[in-house]
Every structure is written in structure tokens, then in C-alpha cells.
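Both ligands and their constituent atoms are indexed starting at 1 by order of listing.
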Amino acid sequence: MKILHIPCLEDNYSYLIIDEQTKEAAVVDPVEPEKVLDVAKLNGADVKLVFTTHHHWDHAGGNEKIKTLVPGIKVFGGSIDNVKGCTDKMDNGDKISLGAETNVLCLHTPCHTKGHISYYVTGKEDESPAVFTGDTMFIAGCGKFFEGTAEQMYQSLCVTLSSLPKPTRVYCGHEYTVKNLQFALTVEPENAKIAEKLLWAQNQRKSGSPTIPSTIAEELETNPFMRVDLPEIQEKVGSNSAVEALREIRKLKDNWRG
Ligand code: GBP
Ligand code: ZN
């Protein structure tokens, strides 16, 4: 599979996933459909499916438009997430196939919104998988808890997503990496992996390049929200359980002005 970034709005990303054998494609959160269809055309790809991560307008807001531009397109979204234009409601564990050799597993990852879905995509055996995490998991961060609890985010981030294979590439919904790593350093000032990745991310942005994808392995080393099982992290934020530490780190981030 080939995965292309499509920067949209201020700091959102849509992604085009192309099954190389058939040139059939899926698009994640096509908020600006014309941009996505231009990229598809340039790459000779035939867009058949939309994967919506959640109902917020900056993710689902292009669904109605893309349906008029691509008749017959299927629009997937969470079954309890009021996703605009949704034709196929997905629950945890549901599977979708794309083209000849690309397979998708829907993971229910609630908290940012109730029906948020992350899409885990596998291609040929020698390719590392990819996961599209919307606003549940960002590079070195996580989404605000708009419709859920710390317990739910713990399950979504620290159980469901953390259990994916380590080489899985992580594609999230926004370019927040630099700010997230700056905040991460306030939680763990001595974590050299965070400092090193911050310098790299700043350089990427300076040259106009994305900081995405990351991998599950990298996130386990640098994302403070995914490190709350570590007693030393719990101690740093004055908590004595993982869920309590997650709630506290989210509160600190909500009030942090970098
Ligand atoms: C920043 O740091 O760059 N602009 C600020 C924060 C996701 S978008 C913007 C912000 O709050 N972003 C949201 C988030 O979860 N951030 C994580 C963090 O700051 O750590 N959204 O556009 C947001 O979900 C939205 C759309 C929200 C409709 C509510 C509705 Br209703
Ligand atoms: Zn959102």
C-alpha cells in the first residue's frame, strides 16, 4: 500500500491509502475533497472508500461533498458518532477490504468523541501496518476528552492502540507534534528521546515537511499519555495509578500555554 499525506485547513491531515495492485484507494477524513481528488488523480488512484475517524467538522465536514463528486463512494464511520454522510456504520472489530491486498480493522477508540474509530491497515506481508488514529492519539499527545473519561482514554490509548505491533506506523489527524513534544519535556525533562525528537520535528516543520508518521514503538518512548503505566511517570504528576496519571497529564496539558 502507498500512503500519501494531504494537509488541509490549518493543521489537519487527510490521507490517501492506495492499494498498489488495483489502484483502488481509500481516504481518511477528506475535509477538503477537491484536494484529495487532485492527489488521487495525479497518482492514477480510484477513490472508492472514505474512513471517517469522528464526527467533528474538521474531519467529517467534507463527506457530503465527496459523495456528490464521487457517486457510489462508501463512507465509513462510528456507529454512535453522528458522522455526516455516513453510509456504513462500523463497530469495534469490523473489517473492510480495499483492492486486492489491503485490509482494514476498525478499532473503537472512544473519549475524544464517543464513537471515534481508528483504522488499522495491513498490506503485503513485508510492509509494516499503519494505524489512522484521528484525534484519539497524536504524535506525542492525545485528544481532549470532549465526550469521555480518563478510564476510556486509558483503554483506547494505553490498551487498544499500545497493543498494536511496535513497527505500526501512526498517522494522526493534526500536526501538533512540536507543541506536544515541548509539553512532554515539561513532564519528563530528562527523557533524551523526547529532546532528540523535538529537534528533529522542528527541522521537519522548518522545511515544510510533516512529522508524521511515527511508530507505536516511538510513541511508547516519547508520548507522555502512553507512558502512564510507568511508576516514575505517576510519581512525577503526584498520582498513584495509571488512569489518575492520565487524567492529571491531560489536565496539565489543557492548562499549559507553551
Ligand atoms: C493548539 O494547541 O494548536 N489550537 C490549539 C488546540 C483537536 S481539534 C486545538 C485543539 O483543542 N485541538 C483538539 C485537541 O484535542 N487537541 C489536543 C491538545 O490540545 O492536546 N476540533 O476541531 C478539535 O477536536 C473540534 C471540532 C472540537 C468540533 C469540538 C468540536 Br464540536
Ligand atoms: Zn476532533
Can you confirm whether the side chains of Asp19 and Thr22 place a donor and an acceptor under 3.5 Å from each other? yes
Lys144 N/O to ligand 1 N/O under 3.5 Å: yes
Provide the number and element of each atom of ligand 1 under 4.0 Å from a heavy atom of Gly143. 15 (O)
For Phe138 and ligand 1, answer yes if some heavy atom of the residue is under 4.0 Å from a ligand atom, otherwise no. yes
Verify whether one side chain among Asp135 and Thr53 offers a donor that lies under 3.5 Å from an acceptor in the other. no
What angle sits at the Zn ion (ligand 2) between NE2 of His112 and ND1 of His56, to 10°? 90°
Kindly indicate whether the side chain of Thr168, heavy atoms from C-beta on, has any atom under 4.5 Å from the side chain of Pro165. yes
Look at atom 11 (O) of ligand 1 and say whether a protein heavy atom is found at less than 4.0 angstrom from it. yes
For residues Thr211 and Tyr13, report the shortest heavy-atom separation together with the two atoms involved. N-OH, 4.5 Å
Closest candidate by heavy atom, reference atom 2 (O) of ligand 1, pool Glu175, His55, Lys179: Lys179
Output the list of atoms in ligand 1 that are nearer than 4.0 Å to some heavy atom of Phe146, sorted by atom number. 24 (O), 27 (C)
Ignoring hydrogens and angles, tell me if any N or O in the side chain of Asn12 forms a donor-acceptor pair with the backbone of Cys8 under 3.5 Å. no
How close do His54 and Val83 get, counting heavy atoms only, and between which atoms? C-CG2, 4.2 Å
So if I count the atoms of ligand 1 from 1 in the order they appear, which ones are less than 4.0 Å from some heavy atom of Cys142? 17 (C), 20 (O)
Output yes when the distance from some N or O of ligand 1 to some N or O of Arg250 is under 3.5 Å, and no in every other case. yes
Is there any N or O on Lys253 that sits under 3.5 Å from an N or O of ligand 1? yes
Distance-only side-chain donor-acceptor flag, Ser214 / Glu219, under 3.5 Å: yes
Closest heavy-atom pair and its distance - Gly85, Asn63: CA-CB, 4.4 Å
Among the N, O or S atoms of Asp135, the one nearest the Zn ion (ligand 2): OD2
Which ligand 1 atoms, with their elements, are less than 4.0 angstrom from a heavy-atom of His174? 7 (C), 8 (S)
Closer than 2.8 Å to the Zn ion (ligand 2): does that hold for any N, O or S atom in Asp58? no
Sub-4.0 Å atoms of ligand 1 with respect to non-hydrogen atoms of Asp135: 7 (C), 8 (S), 24 (O)
With Glu147, which of His55, His112, Gln152 fulfils side chain to side chain donor-acceptor pair (under 3.5 Å)? His55
Go through the steps to decide whether Asp46 and Lys48 satisfy the test salt bridge (charged side-chain N to carboxylate O under 4.0 Å, His left out), and finish with yes or no. CA-CA 6 Å; Asp46 187 8; Lys48 298 273 194 190; 3.7 Å; yes
Quick one: report the N, O or S atom of His54 that is nearest to the Zn ion (ligand 2). NE2
Near His112 (heavy-atom distance under 4.0 Å), the atoms of ligand 1 are 15 (O), 24 (O)
Closer than 4.0 angstrom: is that true for some heavy atom of His54 and an atom of ligand 1? no
Please confirm whether His56 comes within less than 3.5 Å of ligand 1 when only nitrogen or oxygen atoms on both sides are compared. yes
Under 3.5 Å, is there a donor-acceptor pair between the Ser97 and Asn103 side chains? no
Residue and atom name of the nearest protein heavy atom (relative to atom 4 (N) of ligand 1), distance in Å to one decimal: Tyr176 OH, 4.9 Å
Within-cut-off N or O pair, Asn180 and ligand 1, under 3.5 Å: no
Starting from atom 21 (N) of ligand 1, what is the nearest protein heavy atom, named by residue and atom, and what distance separates them? Asp58 OD1, 3.9 Å
Looking at Pro224, is its backbone amide N or carbonyl O close enough to the side chain of Glu188 to form a donor-acceptor pair, meaning the two atoms are under 3.5 Å apart? no
Less than 6.0 Å separating the ring centroids of His174 and His59? yes
